[in-house]
Amino acid sequence: MTVNRPRGTRDFLPEDTARRKYVENIMRNITCNWGYSEIITPTFEYLDLFTLKSGEGIERELYNFMDKGGRAMTLRPELTAPVMRLYVNELQSFPKPLNLFYFENCFRYERPQKSRFREFWQFGVELIGSEKPDADAEVIALAYALLKAVGVSCYMKIGNLAVIRTLLRGLQPEIVSKVMRLIDKKEYVGLEVLIEEIGVEDQLKFNLFKLIKLEGRYITPQVKEIVGNIPELVAFEKTLKLLDTYGVDYFLDFGIARGLDYYTGMVFEVYADGLGAQKQICGGGSYQLIQLFGGGDVPSTGFGIGFDRIMEICTLVNPAPKKVVLISKPETHLEAIKLATELRKYLPVRIDLMERNFKTQLSFANTINADYVIIVGENELGVGKLTLKDMISGEQELLTLGEIIEKFS
RNA sequence: GUUGAUGUAGUUCAGUCGGUUAGAACGUCGGAUUGUGGUUCCGAAAGUCGUGGGUUCGAGCCCCAUCUUCCACCCCA
(Lines give C-alpha, C1' and ligand atoms only; values in the text may rest on other atoms or scores of the structure.)
Protein backbone atom coordinates (compact mmCIF):
# COMPACT_ATOMS: atom_id res chain seq x y z
CA MET A 1 0.00 0.00 0.00
CA THR A 2 1.64 3.19 -1.15
CA VAL A 3 0.94 6.50 0.48
CA ASN A 4 -0.01 9.19 -1.97
CA ARG A 5 0.31 12.91 -1.99
CA PRO A 6 -2.74 14.70 -0.55
CA ARG A 7 -5.26 15.95 -3.01
CA GLY A 8 -4.46 19.23 -4.71
CA THR A 9 -0.80 19.20 -3.66
CA ARG A 10 2.20 18.73 -5.89
CA ASP A 11 5.70 17.32 -5.73
CA PHE A 12 8.29 19.42 -7.46
CA LEU A 13 11.08 17.38 -9.02
CA PRO A 14 14.62 18.78 -9.18
CA GLU A 15 14.08 20.31 -12.60
CA ASP A 16 10.77 21.96 -11.60
CA THR A 17 12.25 23.21 -8.38
CA ALA A 18 15.24 24.76 -10.09
CA ARG A 19 12.99 26.59 -12.50
CA ARG A 20 10.66 27.80 -9.78
CA LYS A 21 13.53 29.04 -7.65
CA TYR A 22 14.99 30.83 -10.64
CA VAL A 23 11.79 32.72 -11.44
CA GLU A 24 11.08 33.31 -7.77
CA ASN A 25 14.46 34.95 -7.30
CA ILE A 26 14.00 37.19 -10.30
CA MET A 27 10.78 38.46 -8.73
CA ARG A 28 12.44 38.82 -5.33
CA ASN A 29 15.35 40.79 -6.70
CA ILE A 30 13.17 43.19 -8.61
CA THR A 31 10.93 43.80 -5.62
CA CYS A 32 13.94 44.36 -3.37
CA ASN A 33 15.26 46.88 -5.85
CA TRP A 34 12.00 48.77 -5.62
CA GLY A 35 12.75 49.13 -1.92
CA TYR A 36 10.48 46.43 -0.52
CA SER A 37 11.50 44.11 2.31
CA GLU A 38 10.50 40.48 2.56
CA ILE A 39 8.63 39.20 5.59
CA ILE A 40 7.50 35.75 6.70
CA THR A 41 4.34 35.08 8.67
CA PRO A 42 3.14 31.81 10.25
CA THR A 43 1.78 29.05 8.05
CA PHE A 44 -1.24 28.84 10.34
CA GLU A 45 -3.17 31.56 12.13
CA TYR A 46 -6.23 31.86 14.29
CA LEU A 47 -9.31 31.20 12.24
CA ASP A 48 -10.73 34.57 13.33
CA LEU A 49 -8.16 36.45 11.30
CA PHE A 50 -9.76 35.27 8.08
CA THR A 51 -13.39 35.11 9.09
CA LEU A 52 -13.05 38.67 10.34
CA LYS A 53 -11.74 39.73 6.97
CA SER A 54 -13.87 37.67 4.61
CA GLY A 55 -16.87 36.57 6.62
CA GLU A 56 -17.90 33.19 8.05
CA GLY A 57 -18.64 32.00 4.57
CA ILE A 58 -15.06 31.30 3.67
CA GLU A 59 -14.74 28.74 6.43
CA ARG A 60 -15.81 25.98 4.12
CA GLU A 61 -12.88 26.61 1.83
CA LEU A 62 -10.31 26.78 4.59
CA TYR A 63 -8.04 24.10 5.95
CA ASN A 64 -9.15 24.78 9.50
CA PHE A 65 -8.74 22.65 12.58
CA MET A 66 -8.84 22.66 16.34
CA ASP A 67 -5.43 22.45 17.95
CA LYS A 68 -4.78 20.44 21.10
CA GLY A 69 -5.57 23.47 23.22
CA GLY A 70 -9.00 23.72 21.65
CA ARG A 71 -8.15 26.81 19.62
CA ALA A 72 -9.73 27.30 16.21
CA MET A 73 -6.85 27.51 13.74
CA THR A 74 -6.47 27.50 9.98
CA LEU A 75 -3.76 27.19 7.39
CA ARG A 76 -3.54 30.61 5.77
CA PRO A 77 -5.61 30.93 2.58
CA GLU A 78 -3.93 34.21 1.60
CA LEU A 79 -1.42 36.65 2.98
CA THR A 80 -2.97 40.09 3.04
CA ALA A 81 -4.70 39.47 6.37
CA PRO A 82 -1.59 37.97 8.03
CA VAL A 83 0.53 40.88 6.86
CA MET A 84 -2.00 43.36 8.24
CA ARG A 85 -2.06 41.45 11.52
CA LEU A 86 1.73 41.52 11.61
CA TYR A 87 1.62 45.24 11.02
CA VAL A 88 -0.79 45.79 13.88
CA ASN A 89 1.22 43.53 16.20
CA GLU A 90 4.72 44.69 15.35
CA LEU A 91 5.13 47.55 12.95
CA GLN A 92 2.68 50.30 13.86
CA SER A 93 5.36 52.68 15.08
CA PHE A 94 7.72 52.15 12.15
CA PRO A 95 8.29 55.00 9.69
CA LYS A 96 5.76 55.21 6.87
CA PRO A 97 5.38 54.14 4.25
CA LEU A 98 6.16 50.50 4.92
CA ASN A 99 7.06 48.57 1.82
CA LEU A 100 6.66 44.84 2.42
CA PHE A 101 6.52 41.75 0.29
CA TYR A 102 6.10 38.02 0.79
CA PHE A 103 6.46 34.79 -1.07
CA GLU A 104 4.70 31.96 0.70
CA ASN A 105 2.47 28.95 0.28
CA CYS A 106 -1.24 29.21 0.97
CA PHE A 107 -3.94 26.60 1.42
CA ARG A 108 -7.53 26.40 0.32
CA TYR A 109 -9.87 23.48 0.67
CA GLU A 110 -11.31 23.56 -2.82
CA ARG A 111 -11.77 21.25 -5.77
CA PRO A 112 -8.55 21.30 -7.75
CA GLN A 113 -8.67 22.16 -11.43
CA LYS A 114 -6.42 23.75 -14.00
CA SER A 115 -4.13 26.27 -12.27
CA ARG A 116 -5.91 25.76 -8.98
CA PHE A 117 -4.43 23.69 -6.20
CA ARG A 118 -5.04 23.16 -2.52
CA GLU A 119 -1.53 24.28 -1.77
CA PHE A 120 -0.36 27.16 -3.90
CA TRP A 121 2.25 29.87 -3.77
CA GLN A 122 1.55 33.55 -3.65
CA PHE A 123 3.91 36.40 -4.24
CA GLY A 124 2.61 39.70 -3.00
CA VAL A 125 3.34 43.25 -1.99
CA GLU A 126 1.74 45.48 0.64
CA LEU A 127 2.47 49.17 0.78
CA ILE A 128 1.24 50.44 4.12
CA GLY A 129 0.68 54.03 5.16
CA SER A 130 0.00 56.02 2.03
CA GLU A 131 -3.19 56.55 0.11
CA LYS A 132 -1.67 58.99 -2.33
CA PRO A 133 -1.80 58.44 -6.08
CA ASP A 134 1.94 57.79 -5.98
CA ALA A 135 1.42 54.80 -3.71
CA ASP A 136 -1.24 53.28 -5.95
CA ALA A 137 0.82 53.93 -9.04
CA GLU A 138 4.00 52.42 -7.64
CA VAL A 139 2.24 49.25 -6.60
CA ILE A 140 0.65 48.82 -10.01
CA ALA A 141 3.91 49.64 -11.77
CA LEU A 142 5.75 47.10 -9.66
CA ALA A 143 3.23 44.37 -10.49
CA TYR A 144 3.59 45.31 -14.13
CA ALA A 145 7.39 45.22 -13.94
CA LEU A 146 7.34 41.79 -12.32
CA LEU A 147 5.03 40.29 -14.89
CA LYS A 148 7.07 41.77 -17.72
CA ALA A 149 10.29 40.46 -16.20
CA VAL A 150 9.10 36.88 -16.00
CA GLY A 151 7.93 36.96 -19.58
CA VAL A 152 4.23 36.29 -19.37
CA SER A 153 1.89 37.76 -21.93
CA CYS A 154 -1.00 39.37 -20.16
CA TYR A 155 -3.19 42.45 -19.95
CA MET A 156 -4.04 44.67 -17.02
CA LYS A 157 -7.37 46.20 -16.10
CA ILE A 158 -7.60 49.04 -13.64
CA GLY A 159 -10.73 50.36 -12.02
CA ASN A 160 -11.86 52.43 -9.11
CA LEU A 161 -14.53 51.36 -6.69
CA ALA A 162 -15.14 54.86 -5.35
CA VAL A 163 -16.70 55.77 -8.66
CA ILE A 164 -19.26 53.03 -8.70
CA ARG A 165 -19.87 53.35 -4.96
CA THR A 166 -20.66 57.03 -5.47
CA LEU A 167 -23.18 56.07 -8.08
CA LEU A 168 -24.79 53.46 -5.84
CA ARG A 169 -24.64 55.40 -2.58
CA GLY A 170 -28.41 55.62 -2.27
CA LEU A 171 -28.86 51.84 -2.20
CA GLN A 172 -28.77 49.47 0.77
CA PRO A 173 -25.42 47.76 1.47
CA GLU A 174 -26.68 44.23 0.66
CA ILE A 175 -28.06 45.47 -2.64
CA VAL A 176 -24.76 47.17 -3.41
CA SER A 177 -22.91 43.90 -2.75
CA LYS A 178 -25.24 42.02 -5.07
CA VAL A 179 -24.91 44.63 -7.77
CA MET A 180 -21.14 44.65 -7.48
CA ARG A 181 -20.95 40.89 -7.81
CA LEU A 182 -23.02 40.88 -10.96
CA ILE A 183 -20.96 43.69 -12.39
CA ASP A 184 -17.74 41.88 -11.56
CA LYS A 185 -18.96 38.81 -13.41
CA LYS A 186 -20.23 40.93 -16.27
CA GLU A 187 -23.69 39.42 -15.92
CA TYR A 188 -25.52 42.35 -17.41
CA VAL A 189 -28.73 40.45 -17.98
CA GLY A 190 -28.88 39.40 -14.34
CA LEU A 191 -28.00 42.93 -13.34
CA GLU A 192 -30.86 44.34 -15.35
CA VAL A 193 -33.27 41.89 -13.73
CA LEU A 194 -32.06 42.84 -10.26
CA ILE A 195 -32.34 46.51 -11.00
CA GLU A 196 -35.89 46.06 -12.25
CA GLU A 197 -36.75 44.18 -9.05
CA ILE A 198 -35.49 46.83 -6.69
CA GLY A 199 -36.88 49.58 -8.88
CA VAL A 200 -34.13 52.17 -9.08
CA GLU A 201 -34.48 55.46 -10.91
CA ASP A 202 -34.07 55.39 -14.67
CA GLN A 203 -31.29 57.94 -14.47
CA LEU A 204 -29.24 55.74 -12.14
CA LYS A 205 -29.82 52.68 -14.27
CA PHE A 206 -28.79 54.57 -17.37
CA ASN A 207 -25.65 55.91 -15.71
CA LEU A 208 -24.72 52.58 -14.26
CA PHE A 209 -24.83 50.75 -17.57
CA LYS A 210 -23.07 53.60 -19.27
CA LEU A 211 -20.28 53.46 -16.70
CA ILE A 212 -19.66 49.72 -16.76
CA LYS A 213 -19.68 49.61 -20.52
CA LEU A 214 -17.01 52.27 -20.86
CA GLU A 215 -13.79 50.80 -22.17
CA GLY A 216 -10.39 52.09 -23.10
CA ARG A 217 -7.63 54.11 -21.59
CA TYR A 218 -8.76 57.72 -21.73
CA ILE A 219 -12.31 57.53 -20.54
CA THR A 220 -12.15 59.55 -17.33
CA PRO A 221 -13.80 62.61 -18.97
CA GLN A 222 -16.87 60.48 -19.71
CA VAL A 223 -16.78 59.12 -16.17
CA LYS A 224 -16.79 62.67 -14.86
CA GLU A 225 -19.93 63.36 -16.81
CA ILE A 226 -21.57 60.47 -15.02
CA VAL A 227 -20.49 60.89 -11.40
CA GLY A 228 -19.24 64.47 -11.36
CA ASN A 229 -15.82 65.76 -10.45
CA ILE A 230 -15.47 63.79 -7.23
CA PRO A 231 -12.12 63.97 -5.35
CA GLU A 232 -11.55 60.22 -5.75
CA LEU A 233 -11.72 60.59 -9.51
CA VAL A 234 -9.31 63.51 -9.48
CA ALA A 235 -6.84 61.44 -7.47
CA PHE A 236 -7.40 58.50 -9.78
CA GLU A 237 -6.58 60.63 -12.79
CA LYS A 238 -3.37 61.54 -11.06
CA THR A 239 -2.57 57.85 -10.55
CA LEU A 240 -3.19 57.17 -14.21
CA LYS A 241 -0.90 59.99 -15.22
CA LEU A 242 1.82 58.51 -13.03
CA LEU A 243 1.24 55.12 -14.64
CA ASP A 244 1.76 56.66 -18.06
CA THR A 245 5.04 57.99 -16.75
CA TYR A 246 6.00 54.53 -15.50
CA GLY A 247 5.16 53.21 -18.96
CA VAL A 248 2.50 50.80 -17.78
CA ASP A 249 0.04 49.39 -20.32
CA TYR A 250 -3.49 49.11 -19.04
CA PHE A 251 -7.19 49.30 -19.79
CA LEU A 252 -9.68 51.03 -17.61
CA ASP A 253 -12.69 49.09 -16.45
CA PHE A 254 -15.01 50.49 -13.83
CA GLY A 255 -16.76 47.17 -13.68
CA ILE A 256 -13.97 45.53 -11.66
CA ALA A 257 -15.40 44.84 -8.23
CA ARG A 258 -12.95 42.28 -6.82
CA GLY A 259 -15.75 40.69 -4.88
CA LEU A 260 -14.47 41.88 -1.54
CA ASP A 261 -15.86 44.69 0.51
CA TYR A 262 -12.69 46.08 2.04
CA TYR A 263 -11.32 47.51 -1.19
CA THR A 264 -11.82 51.23 -1.08
CA GLY A 265 -10.58 52.90 -4.23
CA MET A 266 -8.23 51.72 -6.93
CA VAL A 267 -8.46 48.07 -7.92
CA PHE A 268 -6.65 46.17 -10.63
CA GLU A 269 -6.49 42.73 -12.12
CA VAL A 270 -4.17 41.04 -14.59
CA TYR A 271 -5.23 38.25 -16.90
CA ALA A 272 -3.21 35.89 -19.03
CA ASP A 273 -4.10 33.44 -21.77
CA GLY A 274 -3.40 29.74 -21.68
CA LEU A 275 -4.76 29.04 -18.24
CA GLY A 276 -8.29 27.88 -18.88
CA ALA A 277 -10.88 29.25 -16.53
CA GLN A 278 -8.32 30.35 -13.96
CA LYS A 279 -6.70 33.05 -15.99
CA GLN A 280 -6.33 35.78 -13.43
CA ILE A 281 -2.69 35.90 -12.41
CA CYS A 282 -2.68 39.02 -10.29
CA GLY A 283 -5.15 41.10 -8.33
CA GLY A 284 -4.87 44.01 -6.01
CA GLY A 285 -5.95 47.45 -4.98
CA SER A 286 -6.11 49.84 -2.11
CA TYR A 287 -7.97 48.82 1.00
CA GLN A 288 -8.75 49.45 4.64
CA LEU A 289 -8.16 46.40 6.79
CA ILE A 290 -5.97 47.56 9.62
CA GLN A 291 -8.78 48.90 11.79
CA LEU A 292 -10.50 45.56 11.48
CA PHE A 293 -7.54 43.94 13.24
CA GLY A 294 -7.33 46.55 15.96
CA GLY A 295 -4.94 49.03 14.42
CA GLY A 296 -5.32 52.65 13.45
CA ASP A 297 -6.90 54.20 10.42
CA VAL A 298 -4.02 53.35 8.09
CA PRO A 299 -4.52 52.94 4.37
CA SER A 300 -2.68 50.36 2.31
CA THR A 301 -2.31 49.14 -1.22
CA GLY A 302 -1.16 45.78 -2.39
CA PHE A 303 -1.43 42.92 -4.81
CA GLY A 304 -1.02 39.19 -4.94
CA ILE A 305 0.40 37.19 -7.81
CA GLY A 306 -0.53 33.56 -8.32
CA PHE A 307 2.95 32.16 -8.68
CA ASP A 308 1.89 28.71 -9.88
CA ARG A 309 -0.05 30.28 -12.70
CA ILE A 310 2.96 32.36 -13.61
CA MET A 311 5.05 29.19 -13.79
CA GLU A 312 2.58 27.59 -16.14
CA ILE A 313 2.85 30.28 -18.76
CA CYS A 314 6.24 31.83 -18.14
CA THR A 315 8.78 31.24 -20.86
CA LEU A 316 11.95 31.82 -18.85
CA VAL A 317 14.52 29.05 -18.86
CA ASN A 318 16.83 28.75 -15.92
CA PRO A 319 20.56 28.53 -16.74
CA ALA A 320 21.75 25.02 -15.94
CA PRO A 321 24.95 24.80 -13.93
CA LYS A 322 27.76 22.73 -15.42
CA LYS A 323 27.61 19.17 -14.19
CA VAL A 324 30.93 17.65 -13.20
CA VAL A 325 31.51 14.05 -12.18
CA LEU A 326 34.72 12.95 -10.57
CA ILE A 327 35.83 9.43 -11.46
CA SER A 328 38.12 7.45 -9.24
CA LYS A 329 39.53 3.97 -8.75
CA PRO A 330 39.60 2.08 -5.48
CA GLU A 331 43.28 3.02 -5.07
CA THR A 332 42.64 6.71 -5.65
CA HIS A 333 39.21 7.09 -4.05
CA LEU A 334 40.42 8.79 -0.88
CA GLU A 335 42.48 11.25 -2.88
CA ALA A 336 39.41 11.84 -5.07
CA ILE A 337 37.38 12.81 -2.03
CA LYS A 338 40.00 15.39 -1.04
CA LEU A 339 40.02 16.81 -4.55
CA ALA A 340 36.22 16.87 -4.67
CA THR A 341 36.14 18.80 -1.43
CA GLU A 342 38.47 21.38 -2.91
CA LEU A 343 36.62 21.62 -6.22
CA ARG A 344 33.27 21.95 -4.44
CA LYS A 345 34.34 25.40 -3.32
CA TYR A 346 33.89 26.42 -6.93
CA LEU A 347 31.24 24.26 -8.58
CA PRO A 348 28.94 21.27 -8.06
CA VAL A 349 30.90 18.01 -8.16
CA ARG A 350 29.64 14.47 -7.85
CA ILE A 351 31.72 11.46 -6.88
CA ASP A 352 31.09 7.73 -7.01
CA LEU A 353 29.01 6.51 -4.07
CA MET A 354 28.23 3.08 -5.47
CA GLU A 355 31.69 1.47 -5.65
CA ARG A 356 31.29 1.30 -9.39
CA ASN A 357 34.12 0.40 -11.72
CA PHE A 358 35.77 2.94 -13.95
CA LYS A 359 33.68 2.24 -17.00
CA THR A 360 30.40 2.28 -15.15
CA GLN A 361 31.27 5.56 -13.46
CA LEU A 362 31.87 7.08 -16.84
CA SER A 363 28.66 5.60 -18.10
CA PHE A 364 26.83 7.10 -15.14
CA ALA A 365 28.31 10.51 -15.94
CA ASN A 366 26.95 10.13 -19.42
CA THR A 367 23.54 9.05 -18.19
CA ILE A 368 23.10 12.14 -16.06
CA ASN A 369 24.28 14.37 -18.90
CA ALA A 370 27.43 15.54 -17.19
CA ASP A 371 29.28 18.29 -19.01
CA TYR A 372 32.67 17.26 -17.69
CA VAL A 373 34.33 14.31 -16.08
CA ILE A 374 37.49 14.60 -14.04
CA ILE A 375 39.48 11.41 -13.89
CA VAL A 376 41.41 10.85 -10.71
CA GLY A 377 43.52 7.82 -11.58
CA GLU A 378 46.94 6.52 -10.68
CA ASN A 379 48.37 7.75 -13.97
CA GLU A 380 47.19 11.29 -13.27
CA LEU A 381 48.19 11.39 -9.61
CA GLY A 382 51.62 10.03 -10.58
CA VAL A 383 52.33 13.26 -12.45
CA GLY A 384 50.42 15.48 -10.05
CA LYS A 385 47.64 16.20 -12.52
CA LEU A 386 44.06 15.26 -13.42
CA THR A 387 42.35 14.38 -16.66
CA LEU A 388 39.54 16.73 -17.60
CA LYS A 389 37.23 15.18 -20.15
CA ASP A 390 34.67 17.19 -22.08
CA MET A 391 31.72 14.83 -22.35
CA ILE A 392 30.19 16.61 -25.30
CA SER A 393 33.23 16.75 -27.58
CA GLY A 394 34.92 13.74 -26.03
CA GLU A 395 38.21 15.61 -25.84
CA GLN A 396 40.34 15.36 -22.76
CA GLU A 397 43.42 17.06 -21.40
CA LEU A 398 45.84 16.61 -18.54
CA LEU A 399 45.67 19.58 -16.16
CA THR A 400 46.64 20.52 -12.64
CA LEU A 401 43.91 21.15 -10.07
CA GLY A 402 44.71 24.85 -10.28
CA GLU A 403 44.27 24.87 -14.03
CA ILE A 404 40.92 23.12 -13.72
CA ILE A 405 39.71 25.57 -11.11
CA GLU A 406 40.80 28.45 -13.31
CA LYS A 407 38.92 26.97 -16.25
CA PHE A 408 35.68 26.83 -14.27
CA SER A 409 35.86 30.18 -12.54
C1' G B 1 -20.65 21.33 -2.41
C1' U B 2 -22.35 20.39 -8.07
C1' U B 3 -21.13 18.19 -13.34
C1' G B 4 -18.42 15.41 -16.96
C1' A B 5 -14.20 12.46 -18.17
C1' U B 6 -10.16 9.28 -16.07
C1' G B 7 -7.13 5.24 -13.59
C1' U B 8 -2.92 -1.46 -16.06
C1' A B 9 5.39 -1.69 -13.95
C1' G B 10 9.02 4.51 -12.50
C1' U B 11 6.93 6.61 -17.54
C1' U B 12 4.01 6.02 -22.23
C1' C B 13 0.77 2.40 -23.49
C1' A B 14 -1.13 -2.89 -25.32
C1' G B 15 -4.34 -6.51 -23.19
C1' U B 16 -9.25 -10.11 -28.31
C1' C B 17 -15.92 -12.44 -26.57
C1' G B 18 -15.25 -12.46 -19.35
C1' G B 19 -11.09 -17.87 -19.66
C1' U B 20 -4.89 -20.67 -17.45
C1' U B 21 1.04 -17.68 -14.97
C1' A B 22 -1.12 -9.56 -17.15
C1' G B 23 2.66 -7.92 -21.86
C1' A B 24 5.79 -4.25 -24.76
C1' A B 25 8.70 -0.01 -25.31
C1' C B 26 11.43 3.58 -22.79
C1' G B 27 13.79 4.27 -18.16
C1' U B 28 16.50 2.03 -13.90
C1' C B 29 20.09 -1.66 -12.16
C1' G B 30 23.74 -5.45 -13.54
C1' G B 31 26.89 -7.96 -17.24
C1' A B 32 29.76 -8.36 -22.28
C1' U B 33 37.71 -9.59 -17.79
C1' U B 34 42.70 -4.59 -18.12
C1' G B 35 41.58 3.24 -17.50
C1' U B 36 37.21 5.79 -21.39
C1' G B 37 30.66 7.10 -21.91
C1' G B 38 26.93 7.56 -25.99
C1' U B 39 25.78 2.58 -30.30
C1' U B 40 25.01 -2.71 -29.89
C1' C B 41 24.10 -7.42 -27.37
C1' C B 42 22.58 -10.28 -22.89
C1' G B 43 20.18 -10.34 -18.20
C1' A B 44 17.48 -8.59 -13.80
C1' A B 45 14.30 -5.93 -10.73
C1' A B 46 9.82 -3.70 -11.07
C1' G B 47 2.23 -4.58 -11.04
C1' U B 48 -2.71 -6.76 -5.00
C1' C B 49 -4.65 -4.06 -12.95
C1' G B 50 -6.45 3.00 -7.88
C1' U B 51 -9.29 0.83 -3.54
C1' G B 52 -13.48 -1.91 -1.49
C1' G B 53 -17.73 -4.61 -2.43
C1' G B 54 -20.94 -7.33 -5.98
C1' U B 55 -22.33 -10.54 -10.40
C1' U B 56 -20.00 -15.14 -12.33
C1' C B 57 -17.55 -21.78 -12.32
C1' G B 58 -14.07 -17.77 -13.58
C1' A B 59 -13.26 -10.37 -13.59
C1' G B 60 -7.82 -6.05 -15.81
C1' C B 61 -12.57 -6.43 -18.76
C1' C B 62 -19.49 -6.29 -16.38
C1' C B 63 -22.28 -3.62 -11.99
C1' C B 64 -22.12 -0.44 -7.42
C1' A B 65 -19.49 2.52 -4.04
C1' U B 66 -15.17 5.19 -2.89
C1' C B 67 -10.54 7.63 -3.89
C1' U B 68 -7.14 10.01 -7.38
C1' U B 69 -6.12 12.86 -11.64
C1' C B 70 -7.99 16.18 -15.42
C1' C B 71 -11.83 19.84 -17.36
C1' A B 72 -15.80 22.99 -15.75
C1' C B 73 -19.37 25.29 -11.96
C1' C B 74 -18.91 27.81 -7.21
C1' C B 75 -15.23 30.90 -5.33
C1' C B 76 -10.89 33.06 -6.01
C1' A B 77 -4.79 33.50 -7.07
Side-chain angles (χ1 to χ4, degrees), chain A residues 1-11 13 50 53-55 57-62 76-80 102-124 143 147 152 154 181 184-185 187 256-260 268-272 275-285 302-313 323 325 327-332 354-382 386-396 398:
Chain A
M1 170 90 189
T2 54
V3 178
N4 294 314
R5 193 174 356 112
R7 181 166 200 197
T9 63
R10 289 155 296 160
D11 293 314
L13 303 186
F50 301 103
K53 177 185 172 230
S54 312
I58 56 152
E59 220 174 303
R60 71 180 190 99
E61 53 197 50
L62 293 180
R76 60 181 170 219
E78 47 104 358
L79 279 146
T80 298
Y102 54 80
F103 184 93
E104 297 291 340
N105 51 349
C106 299
F107 307 84
R108 287 189 197 170
Y109 197 90
E110 292 180 297
R111 280 281 171 91
Q113 66 186 71
K114 190 171 178 63
S115 312
R116 166 184 277 181
F117 306 95
R118 287 187 167 183
E119 183 189 26
F120 59 98
W121 272 258
Q122 256 195 313
F123 183 98
L147 295 170
V152 301
C154 54
R181 276 188 52 174
D184 197 39
K185 291 204 247 170
E187 275 186 27
I256 299 179
R258 301 233 9 93
L260 297 164
F268 72 104
E269 295 179 340
V270 183
Y271 299 89
L275 287 174
Q278 307 299 322
K279 61 181 194 164
Q280 191 184 327
I281 53 174
C282 173
F303 64 81
I305 288 179
F307 183 72
D308 305 285
R309 295 181 184 177
I310 297 291
M311 289 312 296
E312 271 184 62
I313 51 172
K323 281 193 217 163
V325 175
I327 290 180
S328 61
K329 300 196 64 188
E331 304 78 42
T332 62
M354 308 258 286
E355 297 189 351
R356 281 169 164 147
N357 63 34
F358 186 95
K359 191 175 179 153
T360 312
Q361 287 183 54
L362 192 59
S363 182
F364 169 73
N366 184 65
T367 304
I368 64 162
N369 282 316
D371 299 277
Y372 294 96
V373 148
I374 295 170
I375 299 168
V376 187
E378 294 148 304
N379 300 351
E380 285 81 2
L381 295 182
L386 301 165
T387 297
L388 178 69
K389 182 181 175 83
D390 183 325
M391 290 298 279
I392 291 136
S393 68
E395 288 166 14
Q396 54 188 60
L398 203 55

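Residue numbers begin at 1 in each chain, while the letters A, B, ... track the order of the sequences.
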Looking only at side-chain atoms of [X], point me to the closest of [options].
| X | options | answer |
| --- | --- | --- |
| A:Ser363 | B:rA77, B:rU36, B:rG37 | B:rG37 |
| A:Pro112 | B:rC70, B:rG35, B:rC76 | B:rC70 |
| A:Thr367 | B:rU28, B:rC74, B:rU36 | B:rU28 |
| A:Thr360 | B:rG31, B:rA77, B:rG35 | B:rG31 |
| A:Arg7 | B:rU69, B:rG38, B:rA77 | B:rU69 |
| A:Lys329 | B:rG38, B:rG1, B:rG35 | B:rG35 |
| A:Met354 | B:rG35, B:rG30, B:rA77 | B:rG30 |
| A:Phe120 | B:rG1, B:rA77, B:rG37 | B:rA77 |
| A:Arg116 | B:rG1, B:rC76, B:rU36 | B:rC76 |

To the nearest Å, give me how far apart [atom1] ([X]) and [atom2] ([N]) are.
| X | N | atom1 | atom2 | answer |
| --- | --- | --- | --- | --- |
| A:Gln278 | B:rC73 | CD | P | 7 Å |
| A:Asn4 | B:rG50 | CG | C1' | 8 Å |
| A:Glu59 | B:rC76 | CD | P | 16 Å |
| A:Asn366 | B:rG37 | CG | P | 9 Å |
| A:Glu119 | B:rU69 | CD | C1' | 17 Å |
| A:Phe303 | B:rA77 | CZ | P | 13 Å |
| A:Glu78 | B:rC75 | CD | C1' | 14 Å |
| A:Lys114 | B:rC71 | NZ | P | 5 Å |

Distance under 6.0 Å and angle within 45° of the ring axis: does A:Arg60 meet both against A:Tyr109?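 Verdict for A:Tyr109: no cation-pi partner in A:Arg60.
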Honestly, is A:Arg76 close enough over A:Phe50, meaning NZ or CZ under 6.0 Å from the six-membered ring centre and within 45° of the axis?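 Pair A:Arg76/A:Phe50 does not count as cation-pi.
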Between A:Ser363 and A:Asn366, a side-chain donor and acceptor under 3.5 Å: no
Touch class at under 4.0 angstrom, heavy-atom based, for [X] against every strand present:
| X | value |
| --- | --- |
| A:Gly394 | base |
| A:Ile281 | sugar-phosphate |
| A:Glu312 | nothing |
| A:Arg108 | base |
| A:Asp308 | nothing |

Phosphate OP1/OP2 of [N]: any [X] side-chain N/O under 4.0 Å:
| X | N | result |
| --- | --- | --- |
| A:Arg111 | B:rC74 | no |
| A:Arg356 | B:rC29 | yes |
| A:Lys389 | B:rU36 | no |
| A:Arg309 | B:rA77 | no |

Examine the base of [N] for any acceptor or donor lying under 3.5 Å from a partner atom in the side chain of [X], and report the outcome as yes or no.
| X | N | answer |
| --- | --- | --- |
| A:Gln113 | B:rC74 | yes |
| A:Glu110 | B:rG1 | no |
| A:Gln396 | B:rU36 | yes |
| A:Arg181 | B:rC75 | no |

Watson-Crick or G-U wobble partner for [N], using a 3.5 Å limit on both distances?
| N | result |
| --- | --- |
| B:rA44 | B:rU28 |
| B:rU51 | B:rA65 |
| B:rC75 | none |

Can you check whether A:Pro112's main-chain N or O pairs, donor with acceptor, with A:Arg118's side chain at less than 3.5 Å? no
Does A:Phe364 lie flat on the base of B:rG37, that is, centres under 5.5 Å apart and planes under 30° off? no
Looking at A:Ile313, A:Ile310, A:Leu147, which one forms a side chain to side chain contact (heavy atoms under 4.5 Å, CB included) with A:Cys154?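 Single pass found, and it is A:Leu147.
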Is A:Arg116 salt-bridged to A:Asp308, cutoff N-O under 4.0 Å?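 No, no charged N to carboxylate O under 4.0 Å.
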Between A:Glu78 and A:Arg108, is there a salt bridge with N-O shorter than 4.0 Å?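 No salt bridge links A:Arg108 with A:Glu78.
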